[in-house]
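Structure record follows, encoded as structure tokens.
In each ligand, atom 1 is the first atom listed, and ligand 1 is the first ligand listed. We're numbering straight along the sequence, starting at 1. Since this is a predicted model, take the numbers as computed values, not measurements.
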Amino acid sequence: MTESNPLLAPTGLPRFSAIRPEHVEPAIDAILADYQAGIDAMLASDAPRSYASVMAVAERLDDRLSRAWSPVGHLHGVKDSDALRKAYAAAQEKIVEFNTALGQNRALYAAVKAVADAPDFAALPRAARTSVEHELRDFVLSGVALEEPARSRYREISNELAKLSTEFEEAVLDATDAWSEHVADAATLAGVPESGLAVLRAYAQEKDLDGWLVTLKQPSVQAVLTYADDRALRARLYRAYGTRASEQSDEGRYDNSERIERIVALRHEAAQLLGFASAAEESLATKMAPSADAVIAFLRDFVAKARPMAERDLAELRAFASSELGIETLEPWDVAYASEKLRMRTYALSEEELKPYFPLPAVIDGLFAVVERVLGVGFRPREDVEVWHPDARYYDLVDTSGRVFAGAYVDLYARTGKRGGAWMDVCTTRMRTDDGLQLPVAYLTCNFAPPTATTPSLLTHDDVVTLFHEFGHGLHHMLTEVEVAGVSGIGGVEWDAVELPSQFMENFAWQREGLDLIARHWQTGERLPEALFERMQAARNFQSGLFLVRQLEFGLFDFLLHHRYDPARARARWRSSRRCGARPR
Ligand SMILES: [Zn+2]
């Protein structure tokens with residue numbers, strides 16, 4: 001089986017073209033069995049407990065699982081199918097169960113504790129010590145300190161939560177694919193620019209239809225809500241998008257309501273078993289923020305400061321919509337549309353005007369040039385590495401001496417079967433192994449509008465910022481010099497700190513020097529004109545008050561839901577809150 005199952009290859013990059021859904025479960029079964037045997041053998045050994053005899057052994061066993069599971073999770077995200085989804089869910093359940101059991105293995109906990117208590121612990125390198133400390137913390141968080149029956153109950157909850165999360169995600173994906181509106185008459189799409197129409201035409205062609213297909217995929221939602229003059233169409237799309245996987249759509253077929261309630265209740269119960277006041281407090285045990293109350297106080301203070309600006313933004317938008325657009329009552333499906341018109345009026349700046357300056361190939365070249373100039377890091381495309389789709393590319397990262405020290409898979413276009421949004425994920429982690437140094441490799445995934453028959457993929461400036469953001473995460477992972485897997489790259493970084501390199505990288509997409517490397521008109525080759533750059537800077541804070549309070553509401557909602565949990569009130573809280581949704585972004 002080892003020869004025929006690509007997921008069991010001992011080294012090297014994933015063989016994406018060979019991986020089939022039927023490989024997933026046998027590979028994971030075999031790896032988990034070896035993993036368990038390796039842990040058992042290590043625990044049975046009477047060698048003194050040391051970093052090398054305990055932690056390094058566990059790290060290598062864990063890395064083998066990661067190297068098989070990472071490509072499966074990645075394919076589930078970027079090239080999903082019914083068969084893969086089933087295989088993924090089944091294997092994930094096994095892995096979660098295995099990890100939960102491992103986290104509750106008291107002999108293993110004792111072995112790691114013995115490493116920390118050994119006299120030579122203080123002499124270990126900082127990375128190794130931190131890795132041990134994190135491990136001990138995670139043992140406590142996974143319920144190892146609990147007595148029966150709490151320990152078994154905790155395990156049950158973990159398994160049920162994993163299953164519910166997968167079902168939740170699948171319902172959202174299915175509900176997104178289930179809705180579409182076929183448009184045969186061009187007049188219905190008046191206002192939508194040619195780039196948006198091309199996307200909608202491509203969706204129609206995929207389904208062998210003439211005309212245009214409005215869908216719930218990001219590029220379609222963005223184009224219609226921002227530009228379509230047909231207010232009723234915007235309203236229908238907004239409702240469909242905002243009620244995906246709820247009791248209000250698809251006759252409740254993909255309704256996630258019960259799952260949400262169950263997830264919140266189980267998280268609360270699990271947190272209390274571990275001795276935390278709430279799931280919010282538990283989540284902060286691995287983060288920088290000191291307490292849920294501190295987070296809530298911070299967010300409320302922020303709301304108090306941002307609210308006057310948001311109210312000004314909204315009042316301005318309402319007045320403009322009423323006097324200039326004839327919209328008496330501004331509804332949620334009018335916000336993006338009216339904003340775009342107001343932005344045009346105020347700054348004479350539209351995303352459409354900027355897009356021709358951001359053809360994806362030029363933006364990528366510019367991004368690489370920025371990284372090369374600032375960090376001395378080059379991206380070298382490799383043609384001999386297997387990928388999962390013709391749109392995907394692989395790059396070696398090289399330093400100034402030409403030494404390859406990392407790799408990146410880059411997959412940027414939206415397509416069917418690919419989860420929406422933009423993200424960075426780990427393929428491999430830099431670490432010392434039996435075969436030498438394993439290099440860090442990242443997946444960088446976006447959902448930009450694909451090229452059409454006549455134009456390259458043209459990005460909005462928002463898209464450009466997103467691309468830089470995700471590459472910031474990728475560079476964080478790939479530029480690591482640490483060789484201990486637990487704290488290498490983005491491993492072990494607090495979640496409320498992990499956005500620093502990504503937000504830092506965004507700045508280059510706003511600076512003249514950066515934009516001179518990034519922006520290149522796709523027809524004329526011209527750089528971004530100074531006047532356009534100045535208007536872009538002026539418009540940067542356009543409606544930022546509204547945007548900020550929306551983000552703050554997400555944060556507050558999440559913390560209040562998980563911190564002030566009350567079974568009787570939970571349902572009312574998230575149901576009432578959902579109505580406040582603003583434009584998708
Ligand atoms: Zn991020």
Between the side chains of Ser66 and Asp63, is a donor N or O closer than 3.5 angstrom to an acceptor N or O?
no

Does Lys163 pair with Glu160 as a salt bridge, N-O distance under 4.0 Å?
no

Salt bridge check: are Asp396 and Arg382 linked by an N-O gap of less than 4.0 Å?
yes

Under 2.8 Å from the Zn ion (ligand 1) - protein N/O/S, by chain and number
His469 NE2, His473 NE2, Glu499 OE1, Glu499 OE2

Pairs meeting criterion side-chain hydrogen bond (donor to acceptor under 3.5 Å, both in side chains) with involvement of residues 480-493, two or more places apart
Arg430-Glu483, Arg432-Glu483

Can you check whether Trp423 and His473 have ring centres sitting under 6.0 Å from each other?
no

From the list His74, His477, His76, ring-ring contact (aromatic ring centres under 6.0 Å, His included) partner of Tyr443 resolves to His74

